[in-house]
Every structure is written in structure tokens, then in C-alpha cells.
Amino acid sequence: MTEDLALMFNVEKVRLAGADIALPRMIPIEQRFAAQQVDDIESSIRDQVAEHDRRSPVDGKRIAVTVGSRGIAQLNRIAIALVGALAACGAKPFVVPAMGSHGGATAEGQRQVLAEYGITEDSLGAPILSSMDTSVIAELDDGTPIHFDNEAAHADGVVVLGRVKPHTDFRGSHESGLAKMLAIGLGKHRGAATLHSHGFEKFDTLIPQVADVLLNRMPIEFGVAVVENGYEDIALLELVPTDGMLDREAELLIEAKRLMPKLLMSDIDLLVVDQIGKDISGAGMDPNITGRAPVNADKFHATPLKRIVVLGLTEHTNGNACGLGMADLTTQRCVDQIEFGSFYTNSLTSGVPDGARIPMALANDRDAIGAGLHLTQGPQPTPPKVVRIRNTLSMPRIEVSEAYAQEVADHQDMTALGEPHDWEFDATGHLSPLPAVH
């Protein structure tokens, strides 16, 4: 396939043209964000579940605990602690994957997603009941059926675990969080596809409407809301009672938006993203960071930037390159990592094909970055403003080009961590990813 493309589009000449562009030296820097965090995850969960149990005993109840596919910090510790706390109160907990159509929209695929986060029956000490079968709980006034995971539907209680954060495709009082976990995560593939058929422009009212029906019809025991800070640490870990859950989630979303990371520089010519993936963001790379969104793009306000280069995919995205279409350039290596089954299933379910488009794919990282710089040059060349990030979750430690030296020095929340250095590529033009910083 690659050889055929080379013959059709003369990829070798493109590669050589990219190699002629000088890359600016880069400076490692630190961005500082609000850093509040939960110090003891296990104790926090244990104490809150015990307090709930004193008010509303769970002894003897079969309780389904939802676990999704997002890259929540310490997700395995949270899930294990939550299952353990319920068991300590006499409940019989089990886990259900609540991730809509993710994991290739198969029961085994969703079980595998959990395993990659370290969530297995052995680590939990409890069953994982993974099924794509659903029950229709009710219908909205317009006849839309509300699907709900069969295993959870037949439990004595359901505990909804989810991260509250800004969504990547719409704005509203409830975006990603407990309401969406109820409406779409537990709706499995059928429910997710049904609700996505309404379009994201309806989600600001549709998600809380469906969640409200489920909160009144199903035995929802409580929710566990996770809010992260800009360091991928847990800032808040809160047991949310069923009564008032939607109101409290709306408040937590405001806090999540305040705490989320961002790119602090004034403007960007070229953003180099080492990796995108569903474990990073539902959109592969978070539009709240990049400002690039396949729908409702006018609602996402971020640092102005001209071009984006995506170099590759994360391991845990399992070939799902959702969001790649928001980049201007990528690499042949990234395209070769794509597993089109899960990639297209997710995009078809969401009803947003734009994020599944393949941008211009260059032979290697060196050429993709060079081509990106070429596309940012104006008639009067100026020192290029280049920012490199590992992904849109790992934002405190990044690299910027020398053109930002004075801006970094003048900014109260940015600090240079070292001297300018050249980009380091191997013999094939491959650039090692920036290290993860915790």
C-alpha cells in the first residue's frame, strides 16, 4: 500500500522537500495550574460509601458499578476501592462496562478495554459482566427509546462512576459526567447510536432529560464523580446522592472547567501532538485544548493556532484514531496504527464523520513537522512559534520553540526548565515521544 502511494503521489519528493525546512530549537518548559488533589483515594471512597450505607444500607444488594473507557486518573484504584467498599458494607458488587460503542462495540472488546486499565475480575475480586444487550426502560415524548444495560437493569442497585469534564462536541449544563454515563455509557451501542442520531446540537437538553428518566425509573444507588486538575491528578472524588444528582453535577462541571489545563501562550503557528487516543479524549485530542472540533467549533475557545501535526496513536486507543481528521498533517506510521473497525464504528455511532478523515500523511515525523512549518510560513518569514505536547492530557511539561523565550520569561505561570535544544530523530526520522510526567 505504501509503495503504491509513493508511486501515485511521489511521496519521496515530498519527504525531501520537508527535510529542507530548518526546525527551530525547542525549550522544555513548565506550565502551572491549580493543583488541589485527593491524597488518599481508598480512604475517601471507603468513608463516603460507609456514610451512605449508614443512611441507606446496601447489605445483600447486587450492585452494578459502571466503569467507562475514558482515561480517568487512577481509574483502577478507584474501581477496586469502590467495589471493595461496597463489599465491606455487605453488598454483592459487580462491574459493567459503560462505554457506549467503544471497544469495537463488542462485549469482549469492552472487557479488554477494562483489562488494559488494570481492571479485571482478579484485581477487583468481583465479576465483570460485559454484554451489549439492553432493555428499553422508557420512551421520550418523541418516541425515542431509552436503552439500559441488561445486567445493570436486573441489579438491585447501580452505582454510576464517571469523570465530570467539558465535552468535546457540545456545550451545556451537563457534558461528560454522570448523566452521560447513564444515558450513553449504559445505553451500550444501541442506546448510544439512538441518542447520537439526534445530533450533538440536541445533547445539551437530551442528556439530562434521559438521565432524569433513568434516575426516576431505575434503582440508582448513588454516583461517584471524579474531577481532575491540570496535572492528571484527582482534584475531587465525591459520592453524589441520587436526589439532586443532576444539580450537583452541573456545579461540578463548572469546577472542572476552572481546573482544566490549557496552552498558556498567546498564539501558535504549529502544534505538534505526539499521540492522540480515546483514552486521552473522546475526540482523540481535546478540542478544549486545541480549539479544533468537528461540530460546534464556534463554542470552543482556545489559544489561536494555525496548524496541527499528529505523530501517532496511544497504545490504549487500540487503533481508534477518532479525532485524527482535526489535524492538518500526520505520519504514515500513524495511519498504519489505525484499526479501521473500531475507528469507523465509533465515528458512525457518533454521527460525526469529520473526525475520521485522514489528513496528509508524510513519510516520517521529521517530514510531517517540516511540512507543518512550511504551511505556516507567510510572505515575510518570522521565527516560527512551535509547541510540542505529549497529548492533550499531559500539559504541565511541554516544549516550545525559541520564539517564545521572552513570553515564557514574562509569564507568571510558565518557566523554562532547560536550554534550547535541537530535535532528535533516529535514522528513520522517528521522534521519541515526550516522557509522561506524573
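Note: hydrogens, waters and symmetry copies are ignored here, and every other heavy atom, side chains too, is used.
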(request) Carefully, step by step, assess S266 and E407 under the rule side-chain contact (heavy atoms from CB on, under 4.5 Å). (result) CA-CA 8 Å; S266 57; E407 185 173 344; 3.2 Å; yes
(message) Using side-chain hydrogen bond (donor to acceptor under 3.5 Å, both in side chains), reason through T415 and R32 one step at a time and then give a plain yes or no.
(response) CA-CA 9 Å; T415 301; R32 287 182 291 277; 2.6 Å; yes
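The environment of E315 atom CD is sparse: at most 12 non-hydrogen atoms of other residues, nucleotides or ligands sit within 6.0 angstrom.
The pair D40-R77 does not count as a salt bridge, with every side-chain nitrogen at least 4.0 angstrom from each carboxylate oxygen. The residues R307 and D269 are annotated as not salt-bridged, no charged nitrogen and carboxylate oxygen being separated by less than 4.0 angstrom. A salt bridge between K385 and D267 is present, with a side-chain N of the basic residue lying under 4.0 Å from a carboxylate O of the acidic one. Look at R333 and D365 and you find a salt bridge, because one of the NZ, NE, NH1 or NH2 atoms lies within 4.0 Å of a carboxylate O, short of that distance.
A donor-acceptor contact under 3.5 angstrom links the side chains of D286 and N288, judged on distance only. Looking at N318 and E116, their side chains do bring a donor and an acceptor atom within 3.5 Å of each other.
Looking at T242, its side chain does come within 3.5 Å of a backbone N or O of E221 through a donor-acceptor pair. Checking side-chain atoms of T205 against main-chain N and O of K202 turns up a donor-acceptor pair under 3.5 Å. Side chain of W423 to backbone of P24: a donor-acceptor contact under 3.5 angstrom is found. Of the possible donor and acceptor atoms, one in the side chain of E249 sits under 3.5 Å from a partner among the backbone N and O of L178. With R390 contributing its side chain and L434 its backbone, the two residues share a donor-acceptor pair below 3.5 Å. Checked by atom type and distance alone, the side chain of T376 pairs as donor or acceptor with a backbone atom of L373 at under 3.5 Å. Formation of a donor-acceptor pair under 3.5 Å by the Y231 side chain with backbone atoms of F33 is found in this model. No donor-acceptor distance shorter than 3.5 angstrom exists from the side chain of E238 to the backbone of V224, with no hydrogens or angles considered. Judged by distance alone, with hydrogens and angles left aside, the side-chain atoms of K278 form no donor-acceptor pair with the main-chain N or O of H316 at under 3.5 Å. Here the side chain of T317 pairs no donor or acceptor atom with the backbone of L313 at under 3.5 angstrom.
Among K180, K257, R163, the single residue meeting the salt bridge (Lys or Arg N to Asp or Glu O under 4.0 Å) criterion with E175 is K257. Each of I358, V309, L311, L324 was scored for a side chain to side chain contact (heavy atoms under 4.5 Å, CB included) with C334, with one residue passing: L324.
In this structure the side chain of L271 reaches within 4.5 angstrom of the side chain of T290, judged on heavy atoms.
Below 30°, between 30° and 60°, or above 60°: for F340 and F343 the angle between ring planes is between 30° and 60°, a tilted geometry. The aromatic rings of F203 and F170 sit perpendicular to each other, their planes meeting at more than 60°, with 30° as the lower class boundary.
If you take NE2 on H198 and CG on L206, they are separated by 5.5 Å, rounding to the nearest 0.5 Å.
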